Amino acid sequence: MEATSGERHHADAVILATGGASYPATGSTGDGYRLARTAGHTVVPIRPALVPLITAGNIASRLQGLSLRNVHINLLVDSKKAGEAFGEMLFTHFGVSGPIVLTLSKQAVDALGAKREVVLSFDLKPALSPQQLDARLLRDFEQSPRNSFTPC
Ligand SMILES: Cc1cc2nc3c(=O)[nH]c(=O)nc-3n(C[C@H](O)[C@H](O)[C@H](O)COP(=O)(O)OP(=O)(O)OC[C@H]3O[C@@H](n4cnc5c(N)ncnc54)[C@H](O)[C@@H]3O)c2cc1C
């Protein structure tokens, strides 16, 4: 039932389905939180989750467009492992994105909000031991001697 201004409706429960505050262009401007507060509810502080991450330095921008599969990421907070994920990711002009970055983003956002140091450690070939990786790189160099190699 649509309520016009000034009407009162009584209900046992109300579902507030106004979305979050992450994408105002879709109509979700955070109104729901304001309405809930006005009605006397406590609203916990909202923060981003399932988001890409902006990284320091220029390594990500130099690798922008590089999309990787079967990558392992460790999320370190103040040098301690706080999370990990395995799967797909990509480098963008501002940082990193993709499913496994989004998965870890909530923990990263919370840690950054608490002014803690956040480091992402990437293993781009988690299925290979360091010796296997060495052998693989040497084989690739031998097979493509004319290719140039630019370390990041
Ligand atoms: C780019 C993008 C990609 C996504 N991809 C996926 C995906 O692949 N898979 C997945 O599961 N989820 C995805 N999501 C998340 C998913 O869209 C949301 O989790 C979901 O839409 C939330 O549903 P909701 O009904 O809570 O809010 P919404 O879908 O945001 O709906 C809230 C509605 O309330 C309306 N509204 C707000 N304030 C008022 C007001 N004061 N008065 C009247 N109406 C109001 C808004 O206009 C809107 O229509 C994606 C989100 C984005 C932004």
Side-chain angles (χ1 to χ4, degrees), residues 1-130 132-133 136-137 140 147 149-152:
M1 179 171 26
E2 196 170 312
T4 55
S5 180
E7 282 183 51
R8 279 175 183 250
H9 295 273
H10 295 273
D12 293 332
V14 174
I15 297 174
L16 199 52
T18 49
S22 59
Y23 207 148
T26 63
S28 296
T29 56
D31 274 358
Y33 304 115
R34 286 186 283 277
L35 284 167
R37 267 192 217 100
T38 306
H41 292 284
T42 302
V43 178
V44 298
I46 59 169
R47 69 263 197 230
L50 292 177
V51 287
L53 296 172
I54 299 172
T55 53
N58 67 349
I59 290 182
S61 61
R62 289 169 65 186
L63 295 174
Q64 73 170 290
L66 181 63
S67 172
L68 298 164
R69 287 183 176 183
N70 301 327
V71 175
H72 183 263
I73 302 182
N74 273 326
L75 174 78
L76 307 175
V77 174
D78 290 343
S79 306
K80 287 195 189 130
K81 185 168 157 182
E84 65 182 321
F86 174 83
E88 295 178 32
M89 61 150 298
L90 70 148
F91 290 92
T92 70
H93 62 286
F94 57 78
V96 285
S97 188
I100 56 174
V101 172
L102 268 58
T103 298
L104 293 171
S105 65
K106 179 178 172 298
Q107 285 163 282
V109 166
D110 284 348
L112 289 168
K115 306 278 181 221
R116 298 168 76 186
E117 184 192 51
V118 174
V119 171
L120 292 176
S121 167
F122 298 92
D123 186 346
L124 306 186
K125 286 286 176 196
L128 300 182
S129 68
Q132 287 171 319
L133 184 58
R136 170 86 168 266
L137 288 170
D140 286 353
N147 280 5
F149 170 69
T150 313
C152 262

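Sequence positions, counted from 1, serve as the residue numbers for this chain. Everything numeric in this text was worked out from a predicted model, so none of it was measured. In listed order, ligands and their atoms are each counted from 1.
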*Heavy atom of protein closer than 4.0 angstrom to atom 4 (C) of ligand 1*: no

*Considering all heavy atoms of both residues, which atom of L90 and which atom of S67 are nearest to each other, and what is their separation?*
CB-CA, 3.9 Å

*Is it true that a side-chain atom of S105 and a backbone atom of L50 form a donor plus acceptor pair closer than 3.5 Å?*
yes

*Around atom 42 (N) of ligand 1, find the nearest protein heavy atom and jot down its residue, atom name and distance.*
D31 OD2, 4.8 Å

*Does T29 come within less than 4.0 Å of ligand 1, judged by its heavy atoms?*
no

*Which atom pair, heavy atoms only, marks the closest approach of A60 to G95?*
CB-O, 3.4 Å

_Nearest non-hydrogen protein atom, atom 33 (C) of ligand 1_ = A17 O, 3.8 Å

*For atom 44 (N) of ligand 1, which protein heavy atom lies nearest, and how many Å away is it?*
T18 CG2, 4.9 Å

*Would a 4.0 Å cut-off, counted as strictly less than, catch a protein heavy atom around atom 23 (O) of ligand 1?*
no

*Residue I54 excluded, over 12 heavy atoms near CD1 under 6.0 Å*: no

*Should the proximity of T26 to ligand 1, defined as any heavy atom under 4.0 Å, be assigned to the side chain, the backbone, both, or neither?*
backbone

*Nearest protein heavy atom with distance in Å, relative to atom 1 (C) of ligand 1*: Y23 CE1, 3.9 Å

*Donor-acceptor contact present, side-chain N70 to main-chain G87, <3.5 Å*: no

*Is there at least one protein heavy-atom neighbour under 4.0 Å from atom 17 (O) of ligand 1?*
no

*atom 46 (C) of ligand 1 within contact range, any protein heavy atom under 4.0 Å*: yes

*Protein residue, atom and distance nearest to atom 26 (O) of ligand 1, heavy-atom basis*: G19 CA, 3.8 Å

*Would you say S28 has any N or O atom under 3.5 Å from an N or O of ligand 1, going by distance alone?*
yes

_Tell me the protein heavy atom at minimum distance from atom 35 (C) of ligand 1, and give that distance in Å._
G27 O, 4.3 Å

*atom 11 (O) of ligand 1 protein-contacted, heavy-atom criterion under 4.0 angstrom*: no

